[in-house]
Amino acid sequence: MDATESDHPASRSINTERAAELVTALARVRARIADAATSVGRQLGSVTLIAVTKGFAATDLEILLGLGVTDIGESRDQEARAKLPDDIGGRSVRVHFIGQLQTNKCRSVARYASAVHSVDRPELVAALGDAAQRLDRRLDVFVQVNLDEPGQQKASRGGVAAGELTALAEQVTQHSTLNLRGVMAVAPNGGDTALAFARLNRLSVELQQQYPQAGAISAGMSGDFELAIQHGATHVRVGSALLGQRPDTFG
Ligand SMILES: *Cc1c(COP(=O)(O)O)cnc(C)c1O
């Protein structure tokens with residue numbers, strides 16, 4: 001390691017500046033979460049902030065962890081593997097995998113993730129259950145639900161149809177290595193976001209009638225997390241409101 005380079009005053013000041021930026025952004029997001037929760041009479045502790053670090057440098061991730069962030073979100077296996085600190089498993093940090101996932105990546109994801117939010121088909125349930133078993137790990141599972149309105153023209157954001165939620169959830173419960181935690185969704189493009197989150201909440205209530213342990217709702221991103229909290233979200237996935245604008249190649 002080149003000490004002269006890392007000790008250079010310029011690089012030190014850039015990091016300090018970035019850290020100051022993230023301190024402010026994190027405080028602001030936490031305050032907005034608190035306001036949204038109290039506005040509907042919810043306890044602050046009932047909402048988990050997942051800092052979505054996809055597309056940002058490992059140094060940003062380290063800054064956030066240093067500020068006490070306990071939950072981080074990544075959506076691409078290759079990037080996450082390269083970026084996460086080697087000792088992540090030894091820290092009290094949970095990594096949430098939130099992106100579309102191919103079955104051949106499950107072994108890799110199960111090594112560092114505590115939770116997968118994008119579970120949307122039986123093959124993925126089987127592959128995750130198997131991967132967790134081989135690694136002797138347990139994984140929290142959120143079943144992703146599609147909230148698009150029928151006949152909607154815009155590209156789908158993924159997820160199972162509402163009518164298939166219970167069947168997929170049941171498959172999750174067949175694996176001793178998977179914990180069914182609840183539902184996840186992304187608000188439809190151009191649809192009525194409040195209606196969509198209300199619908200997700202109803203689906204969650206229905207699911208809990210059969211699976212009382214599945215009370216978590218992963219919903220809300222930078223543009224709509226307050227609305228999601230008002231509709232019962234227990235996990236909000238916030239990227240750009242914390243870290244700024246991502247490069248274009250990221251959705
Ligand atoms: C990128 C991403 C987020 C975070 O989006 P922001 O708008 O930057 O907050 C949340 N959820 C999923 C599934 C994502 O892919």
Side-chain angles (χ1 to χ4, degrees), residues 18 21-22 24-33 35-36 47-58 60-61 63-64 67 69-81 83-84 94-102 105 109 112-121 124 128 139-148 154-160 181-191 193-194 196-197 200 204 216-251:
R18 181 60 171 158
E21 236 171 67
L22 298 190
T24 307
L26 181 61
R28 211 168 270 157
V29 167
R30 281 176 169 159
R32 286 170 61 188
I33 290 173
D35 285 349
V47 182
T48 299
L49 167 63
I50 300 173
V52 177
T53 47
K54 69 177 182 200
F56 289 96
D60 281 351
L61 178 59
I63 292 171
L64 289 173
L67 295 174
V69 166
T70 54
D71 293 80
I72 59 173
E74 283 287 334
S75 66
R76 290 180 184 181
D77 174 54
Q78 201 179 0
E79 180 191 349
R81 249 187 305 156
K83 195 162 74 183
L84 291 169
R94 287 175 294 268
V95 177
H96 300 256
F97 193 87
I98 63 172
Q100 287 191 359
L101 182 54
Q102 294 167 311
K105 299 282 171 65
V109 168
Y112 56 79
S114 302
V116 179
H117 290 235
S118 41
V119 175
D120 62 356
R121 57 196 192 279
L124 194 52
L128 283 171
L139 279 176
D140 284 350
V141 166
F142 292 74
V143 176
Q144 185 175 352
V145 187
N146 186 334
L147 296 177
D148 293 348
K154 300 240 170 66
S156 162
R157 314 293 296 263
V160 287
R181 283 300 308 279
V183 292
M184 178 274 209
V186 178
N189 260 323
T193 305
F197 287 153
L200 182 65
S204 168
I217 300 178
S218 167
M221 307 173 27
S222 291
D224 55 21
F225 68 83
E226 280 124 327
L227 203 52
I229 290 168
Q230 285 159 6
H231 289 91
T234 60
H235 293 70
V236 293
R237 310 176 307 264
V238 180
S240 51
L242 283 173
L243 291 150
Q245 209 180 340
R246 270 184 303 278
D248 281 350
T249 49
F250 280 84

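Atoms within a ligand are numbered from 1 in the order they appear, just like the ligands themselves. Each residue takes its place number in the sequence, starting with 1. Heavy atoms only: backbone and side chains are in, while hydrogens, waters and symmetry mates are out.
Ligand 1 places these atoms under 4.0 Å from at least one heavy atom of S222: 6 (P), 7 (O), 8 (O), 9 (O). Every atom of ligand 1 with a heavy atom of R237 under 4.0 Å away is listed here by number and element: 4 (C), 9 (O), 10 (C), 11 (N), 12 (C), 13 (C). Below 4.0 Å from some heavy atom of V238 lie the following atoms of ligand 1, by number and element: 9 (O). The distance from ligand 1 to the heavy atoms of S240 drops below 4.0 Å at these ligand atoms: 6 (P), 7 (O), 8 (O), 9 (O).
Considering only heavy atoms from C-beta on, D35 stays 4.5 Å or farther from E226 through its side chain. By the 4.5 Å heavy-atom criterion applied to side chains, I229 and F197 are not counted as neighbours. Taking 4.5 Å as the limit, every side-chain heavy atom of T234 sits out of range of all side-chain heavy atoms of T48.
Considering only residues two or more places apart in sequence or on other chains, F142 meets the ring-ring contact (aromatic ring centres under 6.0 Å, His included) condition with H117, H235.
Residue S75 places no N or O, backbone or side chain, under 3.5 Å from any N or O of ligand 1. Taking any N or O of G239, backbone or side chain, at least one lies under 3.5 Å from an N or O belonging to ligand 1.
Selection from Q100, K54, H96 by nearest heavy atom to atom 15 (O) of ligand 1 gives K54.
Atom CZ of R28 sits in a sparse spot, with 12 or fewer heavy atoms from other residues, nucleotides or ligands closer than 6.0 Å.
The salt bridge (Lys or Arg N to Asp or Glu O under 4.0 Å) contacts involving residues 233-245 comprise nothing, where partners must be two or more places apart or lie in separate chains.
Ligand 1 is approached by R246 to a heavy-atom distance shorter than 4.0 Å.
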